[in-house]
Amino acid sequence: MTQAAQRSIGDGRETQNPLPSWVPAVIGAAGAVIGMLPWWITGARLPLQNVWVDTPPAAMPIALLPFSQYAISLVVGLLVTGAAAAGLTLRLLRARLPRRSTLLALGGVLLVQVVAIAQTAVVASTGLREDWRADLYYAALLSGVVVTTLLGGAVLALLAAAPLAGAIIGAAGGALAFSFWLAGLSAALGSAGSPFLPLLEAVRWAPAVLIGFAIGWWGVASAGRAVAAIGALAMLWLVPGVTTGLGNAVGSRVLANDLPSMLSYGLEVTRMALTMPELVMPPLIVAIIVAVLVGAARWAMRRARPAQQH
């Protein structure tokens, strides 16, 4: 009997056809590719850089990631969403997967993402002006991309292999990144009057619905899961506000050479975004409603199962 089959029986599930050991790596690589699709379908031409030598948009080189201070949230969406998709797939298939499948999938994700980061870093360095501002800009953005990749790896591990409390936190991180991914897809496909324009509305509500679904499906029956549910709702409150503040601060050309004013402005926008009830409350309410409905449906399904067996 294979190790995957033994583990699945121990979990109360029987597996007739365990998957080969290369499948998790392919899942990871495929997730990473899917994650970057919204950028690639735009043509993947490097955005104009404030610290580059003068170059027309059509002459900018091809870059596998959108290296720009104006695309921070998009980069988070591309990298973390791909990792989250791989992690969720592993969890759904865990009864049929070999041991160390999480590490194999993480290797697949990193293979694709590290290649994309390296290619982008090389391309982005070719046209930078020779001054300290350009060096600081390059180092800050590259560090942010690396940190985002590590966050994506953590989300993958939580979704793929963590206990349910960790899976709820991983789902929250993936859901929030997915909203940035959807925004990028909408920008790539949409235009005025485009049939893809409704994607913009999904950007706002997708994290709340997905986080509520995760909480309702996995439940709050233990202290750990209850704490994780509160943490997921806190992420739903904090991350959009912090992202809004950061995006407004680093995206301001007026403040580009005044770092103290940029920091002050970013903190003020973040404070406003986190304390305006009309922005904060609707997603939280939707998440709680979805969690209650899904939890009730899950409870009814469990109650009906023994009755059907009798």
Side-chain angles (χ1 to χ4, degrees), residues 38 66 68-81 84 140-141 144 147-148 151-152 155 168-188 190 192 194 196-216 220 226-256 258-295:
S68 170
Q69 77 269 34
Y70 305 115
I72 292 175
S73 62
L74 177 57
V75 170
V76 172
L78 301 179
L79 296 178
V80 178
T81 299
L141 280 183
V147 169
T148 300
L151 289 175
V155 168
I168 290 173
I169 295 298
L176 290 162
F178 181 61
S179 70
F180 302 144
W181 187 92
L182 274 179
L185 183 64
S186 177
S194 167
F196 297 103
L197 212 56
L199 281 175
L200 288 174
E201 191 66 18
V203 169
R204 181 183 183 190
W205 299 111
V209 172
L210 293 174
I211 289 172
F213 186 92
I215 293 172
V220 292
V227 171
I230 294 172
L233 293 174
M235 291 170 65
L236 181 60
W237 166 51
L238 290 171
V239 171
V242 172
T243 303
T244 299
L246 179 63
N248 277 272
V250 302
S252 172
R253 293 189 179 185
V254 175
L255 302 176
D258 188 351
L259 294 181
S261 296
M262 180 186 294
L263 177 61
S264 177
Y265 177 64
L267 291 174
E268 178 61 20
V269 173
T270 300
R271 183 194 65 78
M272 293 176 61
L274 293 178
T275 56
M276 295 178 65
E278 60 270 29
L279 294 179
V280 172
M281 294 307 298
L284 290 174
I285 292 172
V286 168
I288 292 170
I289 291 173
V290 171
V292 170
L293 293 175
V294 172

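Sequence positions, counted from 1, serve as the residue numbers for this chain. Quick caveat, the model's predicted, so the values are computed rather than measured.
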To the nearest 0.5 Å, how far apart are OG1 in Thr275 and CH2 in Trp237? 9.0 Å

Arg271 side, atom CZ; Met276 side, atom CE - distance, nearest 0.5 Å: 10.0 Å

Atom of Leu141, atom of Gln69 and distance for their closest heavy-atom approach: CD1-N, 3.7 Å

Are Thr243 and Phe180 close enough that some pair of their side-chain heavy atoms sits under 4.5 Å apart? yes

Do you know the tightest heavy-atom contact between Thr148 and Val75? CG2-O, 4.2 Å

Any heavy-atom pair between the side chains of Leu279 and Pro240 that's under 4.5 Å? no

With a 4.5 Å cut-off on side-chain heavy atoms, are Leu233 and Ile288 touching? yes

d(Ile211 CD1, Leu236 CG) to nearest 0.5 Å is 4.5 Å

Gap between atom OG1 of Thr244 and atom CE of Met272 - 0.5 Å precision: 11.0 Å

Distance col, row Ile215:CD1 vs Ile230:CD1, nearest 0.5 angstrom, shows 9.5 Å

Between Ala232 and Ala172, which heavy-atom pair has the shortest distance, and what is it? CB-CB, 3.7 Å

Could you report the tightest heavy-atom contact between Gly184 and Pro38, atom names first, then the distance? C-CB, 3.9 Å

Minimal heavy-atom distance between Val155 and Gly174, with the atoms involved, is CG1-N, 4.1 Å

Considering all heavy atoms of both residues, which atom of Arg204 and which atom of Glu278 are nearest to each other, and what is their separation? NH2-O, 3.8 Å

The side chain to side chain contact (heavy atoms under 4.5 Å, CB included) partners of Phe178 (sequence neighbours excluded) come to Thr81, Trp181, Leu182, Ala206, Leu210

